[in-house]
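Just the heavy atoms: all of them, side chains too, but no hydrogens, waters or symmetry mates, feed the values below. Lettering follows sequence order; numbering is per chain, from 1.
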Protein chains: 2
Amino acid sequence: MADKISYEQIEEKFTNYLCKKKQRKTPERYALLDYIYNNEGYFSAEQIHAALQETYRVSLTTVYNTLNMLIDCNLVIRHNFDKQKAFFERAFYETPHSYFVCCKCGAVKAFTDKQIRMSIKQKNFTNFKPSHWLLYIYGECKKCKKK
Amino acid sequence: MADKISYEQIEEKFTNYLCKKKQRKTPERYALLDYIYNNEGYFSAEQIHAALQETYRVSLTTVYNTLNMLIDCNLVIRHNFDKQKAFFERAFYETPHSYFVCCKCGAVKAFTDKQIRMSIKQKNFTNFKPSHWLLYIYGECKKCKKK
DNA sequence: TTTGTTGCAAAACGTTTGCAGCCTC
DNA sequence: GAGGCTGCAAACGTTTTGCAACAAA
């Protein structure tokens, strides 16, 4: 949940994870980490795949495979805003997020609220080691209310 | 987001919704509403389908169809804890929930926290009409930490 | 050289849809 | 009786898996 970490430290975290698990440091894996960490916001696997075509070509299979690793080592967060597809977002560089989700059109808007953040942070967990949290507030957005 | 509502009032809400939308009041639809509202917790579509075999047989298609209606009229909440499948829960009878989700084994545990609830309730939204909220705290549970 | 990785195609999975027969209204 | 509803089977979109060629260690 920390902030203020350089990209070198992020890479190091991933490298450590790969070493510990006896997995290989392939260029595809680092290309994906690089993409996620140099772009703000959340992306579908398909979007990441398309974006990577321009720089270092990676198959969709490898995108999914690598995303699962990055989630496993807490470098990436998976969002399941709706039933359809997952979105992926870097876990560092931003404080954990809260989101408005419109039930009608599916629009998503991130926001931060100090009060909410503090009250969640203060919560004590016995038998549970929290890594991150996600708050979704569902409702109806301006556009849909007008209809 | 209210509490203290009788099951008759829930049924009435559904009936009103069906009338307004010019949709029919079939026994299948009420069997599903009844099941969801008389069982605490969250269930997958498959679980609801299996459970209904014992009382009023309903196809999986109708289970999905009806759940989507119940979500549309805010009587049911859909959870997307993980990528796999959705879980469904009655929207009344309980205050909106917060959940621990274990990243390793997928175990989910509901909890309530007054402080958190208050701070979310106090949040003011311009251009957005909130209907409910869901907080997921991800981490590692006791069992997985031991391994 | 060994063993993990890639990328393709095919499978798997939960969910939705098309349609014929059925049931509310 | 008209039109919405059910349930089956088939389709759908996202994600995973099997496998042969390949590359990191």
Rounded to whole Å, how long is the line connecting atom [atom1] of [X] with atom [atom2] of [N]?
X	N	atom1	atom2	value
A:Gln47	D:dT15	CD	C1'	16 Å
B:His49	D:dT6	NE2	C1'	12 Å
B:Tyr30	C:dT24	OH	P	13 Å

**OP:** Map A:Gln84 and B:Val63 onto DNA chain D by nearest heavy atom, then report which one ends up closer to the 5' terminus.
**Re:** B:Val63
Subject >> Modelled atom types, side-chain donor and acceptor of A:Asp72 and A:Tyr17, under 3.5 Å >> reply: yes
Subject >> Polar side chain donor-acceptor pair, B:Asn68 to B:Arg78, under 3.5 angstrom >> reply: yes
Original post:
Do the ring planes of B:Phe81 and B:Tyr42 sit parallel (below 30°), tilted (30 to 60°) or perpendicular (above 60°)?
Top reply: perpendicular
Original post:
Taking the inter-plane angle between the rings of B:Tyr99 and B:His97 on a 0 to 90° scale, is it parallel (under 30°), tilted (30 to 60°) or perpendicular (over 60°)?
Top reply: perpendicular
May I ask you to say what [X] touches in the nucleic acid, namely base, sugar-phosphate or nothing, with a heavy-atom cut-off under 4.0 Å?
X	answer
A:Glu46	nothing
A:Arg78	nothing
B:Asn80	nothing

Original post:
How do B:Tyr56 and A:Leu18 order along DNA chain C: which one's closest nucleotide is nearer the 5' end?
Top reply: A:Leu18
Original post:
Start at the 5' end of DNA chain C and walk down; is the nucleotide closest to A:Ser59 or to B:Asn68 reached first?
Top reply: A:Ser59
Sub-3.5 Å pairs of nitrogen or oxygen atoms, protein against nucleotides 22-25 of chain D:
residue	atom	partner	partner atom	Å
D:dA24	N3	A:Arg24	NH1	3.4
D:dA25	OP1	A:Lys25	N	3.4

Let's see if you can work this out: which of [options] has an atom nearest to the side-chain heavy atoms of [X]?
X	options	answer
A:Tyr64	C:dT6, D:dG7, D:dT16	D:dT16
A:Asn65	C:dC8, D:dG7, C:dT6	C:dT6
B:Ala86	D:dG7, C:dT6, C:dT15	C:dT15
A:Glu28	D:dT6, C:dG7, D:dT15	C:dG7
B:Thr62	C:dG7, D:dT15, D:dT6	D:dT6
A:Arg29	D:dT14, C:dC8, C:dT6	C:dT6

For a 4.5 angstrom cut-off between non-hydrogen side-chain atoms, does [X] reach [Y]?
X	Y	value
B:Val58	B:Thr66	no
A:Leu135	A:Asp113	no
B:His79	B:Leu134	yes
B:Val108	B:Phe87	no

Subject >> Output field: ring centroids A:Tyr35/A:Tyr56 closer than 6.0 Å >> reply: no
Are any protein N/O atoms closer than 3.5 Å to N/O atoms in nucleotides 9-12 of chain D? If there are, list each pair with its distance.
none

